[in-house]
Amino acid sequence: MPELPEVETVKETLKTLIVGKTVEDVSIFLPRLIKEPEPEAFREMLKGRTVTGVGRRGKFLLIFFDPWVLVSHLRMEGRYSLELQDQPKEKHTHVIFGFTDGTELRYRDVRTFGTMHLWPKGEELDRPPLYKLGPEPLSDAFTLEQFTERLSGRKTRIKALLLNQEFLTGLGNIYVDESLYTAGIHPERSVSTLTSTEVKRLYESIRSTLKEAIEAGGSSVRSYVNGNGEMGRFQLRIKVYGRKGEPCHCCGTPIVRTVVAGRGTHFCSKCQD
DNA sequence: ACACACCCCTGGAAGC
DNA sequence: TGCTTCCAGGGGTGTG
């Protein structure tokens with residue numbers, strides 16, 4: 001399930017693979033993935049356009065085809081790969097961007113939850129699905145002071161808030177559980193009960209966890225691979241997510257799994273309170 | 001503001 | 001062995 005570190009890794013690999021290539025045609029096998037504009041317009045807008053860059057906002061991958069920008073969300077299982085046009089199409093391939101040099105950028109998505117929007121470059125941040133997103137956790141603008149300010153007055157459980165992309169963008173289920181573990185905070189703690197020490201620990205844990213995961217090339221927990229088809233390595237460093245019943249690395253207590261905010265939630269009942 | 005149910009979807013796991 | 005049922009997840013929407 002691609003979260004910020006996985007999308008960041010895909011962005012970096014795609015950059016080396018597709019920048020400079022020109023679209024000859026686009027094949028759409030599952031039109032409902034294309035949310036804006038209508039699929040046929042989407043296709044026509046991209047024909048003849050050259051990839052000028054690849055970016056990221058939260059968990060969204062941005063591919064610039066001046067004057068447009070493709071805003072792509074991989075959801076759980078979306079993945080991009082560059083193939084030669086005569087290579088057989090793998091199952092669950094839903095969109096193919098064919099380039100003039102005979103290569104193709106292919107989008108595969110087993111669960112078909114992914115989405116694509118195509119907007120004029122420069123307008124994407126003011127339109128769905130990016131327009132409501134909260135701050136980028138790794139940006140310089142995201143300071144402890146801003147985090148503290150945004151938390152004030154909130155009464156929900158901390159895990160629910162960290163999953164809320166309008167509050168902070170980029171964290172998903174894995175990195176929320178990991179960040180809360182590292183900070184020693186129970187996922188069901190009400191935000192209003194957090195001390196300033198805990199808020200500081202959480203702020204630092206979120207940033208260090210994400211940075212460490214990016215350095216490791218993301219986590220391949222389910223099906224994630226980067227644009228080169230390579231798995232990440234951070235799953236080897238995961239401390240709680242998916243480790244129900246296994247010993248806490250710190251104290252040996254079995255990791256607990258519950259459901260918080262509708263998501264499977266893993267934590268150490270001794271180290272997190 | 002917050003909690004929760006529901007929906008989208010598929011394949012793998014679990015249950016029978 | 002083979003069938004059916006359950007479950008995971010991000011985000012949108014709707015209800016209380």
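To find a chain, count down the sequence lines: A is the first, B the second, and so on, and within it residues start at 1. Source: prediction; values computed, not measured.
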Take atom [atom1] of [X] and atom [atom2] of [N], then tell me their distance rounded to the nearest Å.
| X | N | atom1 | atom2 | value |
| --- | --- | --- | --- | --- |
| Leu74(A) | dG11(C) | CG | P | 11 Å |
| Lys91(A) | dG11(B) | NZ | C1' | 9 Å |
| Leu163(A) | dG9(C) | CG | C1' | 11 Å |
| Leu33(A) | dG10(C) | CG | P | 18 Å |
| His266(A) | dA8(C) | NE2 | C1' | 10 Å |
| Arg263(A) | dG12(C) | CZ | P | 12 Å |
| Gln165(A) | dG12(C) | CD | C1' | 13 Å |
| His92(A) | dT10(B) | NE2 | C1' | 7 Å |

Sugar-phosphate, base or nothing in reach of Arg108(A), heavy atoms under 4.0 Å: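 If one applies the 4.0 Å heavy-atom cut-off, Arg108(A) turns out to touch nothing in the nucleic acid.
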
Sugar-phosphate only, base, or nothing, as touched by Gly264(A) at under 4.0 Å among non-hydrogen atoms: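 Sugar-phosphate: the residue Gly264(A), judged by heavy atoms under 4.0 Å, touches backbone atoms but no base.
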
Lys11(A) atom NZ: more than 12 heavy-atom contacts under 6.0 Å: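 More than 12 heavy atoms, drawn from other residues, nucleotides or ligands, come within 6.0 Å of this atom.
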
Atom NZ of Lys244(A) with >12 non-hydrogen neighbours under 6.0 angstrom: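 Counting neighbours around NZ of Lys244(A), 12 or fewer heavy atoms of other residues, nucleotides or ligands fall under 6.0 Å, so no.
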
Side chain proximity check, Arg56(A) to Val10(A), heavy atoms < 4.5 angstrom: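 No, every pair of side-chain atoms sits at 4.5 Å or beyond.
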
Side chains of Asp66(A) and Thr50(A) in contact at under 4.5 Å (non-hydrogen atoms):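 Result no, sub-4.5 Å side-chain heavy-atom pair not found.
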
Contact letters for nucleotides 1-8 of chain B, in which S counts primed atoms plus P, OP1 and OP2 and B counts the base, heavy atoms under 4.0 Å: -SSS---B

Modelled atom types, side-chain donor and acceptor of His94(A) and Asp109(A), under 3.5 Å: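 Note: His94(A) and Asp109(A) side chains miss the donor-acceptor criterion.
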
Check: Ser72(A)/Tyr80(A) side-chain N/O donor and acceptor closer than 3.5 Å: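 Distance-only check passes for Ser72(A) and Tyr80(A).
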
Distance under 6.0 Å and angle within 45° of ring axis: Lys21(A) vs Phe97(A):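 Output no; distance or angle outside limits.
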
Under-4.0 Å side-chain N/O to phosphate OP1/OP2 contact, [X] with [N]:
| X | N | result |
| --- | --- | --- |
| Tyr241(A) | dA8(C) | no |
| His73(A) | dG10(C) | no |
| Arg257(A) | dC7(C) | no |

Watson-Crick and G-U pairing of DNA chain B written in dot-bracket, each distance under 3.5 angstrom, with | for inter-strand partners: .|||||||||||||||

Stepwise side-chain contact (heavy atoms from CB on, under 4.5 Å) check, Ile206(A) with Leu168(A): CA-CA 11 Å; Ile206(A) 290 168; Leu168(A) 182 65; 4.2 Å; yes

Tyr203(A) (side chain) donor-acceptor with Phe142(A) (main chain) under 3.5 angstrom: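 Side chain of Tyr203(A) to backbone of Phe142(A), a donor-acceptor pair under 3.5 Å: yes, one is there.
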
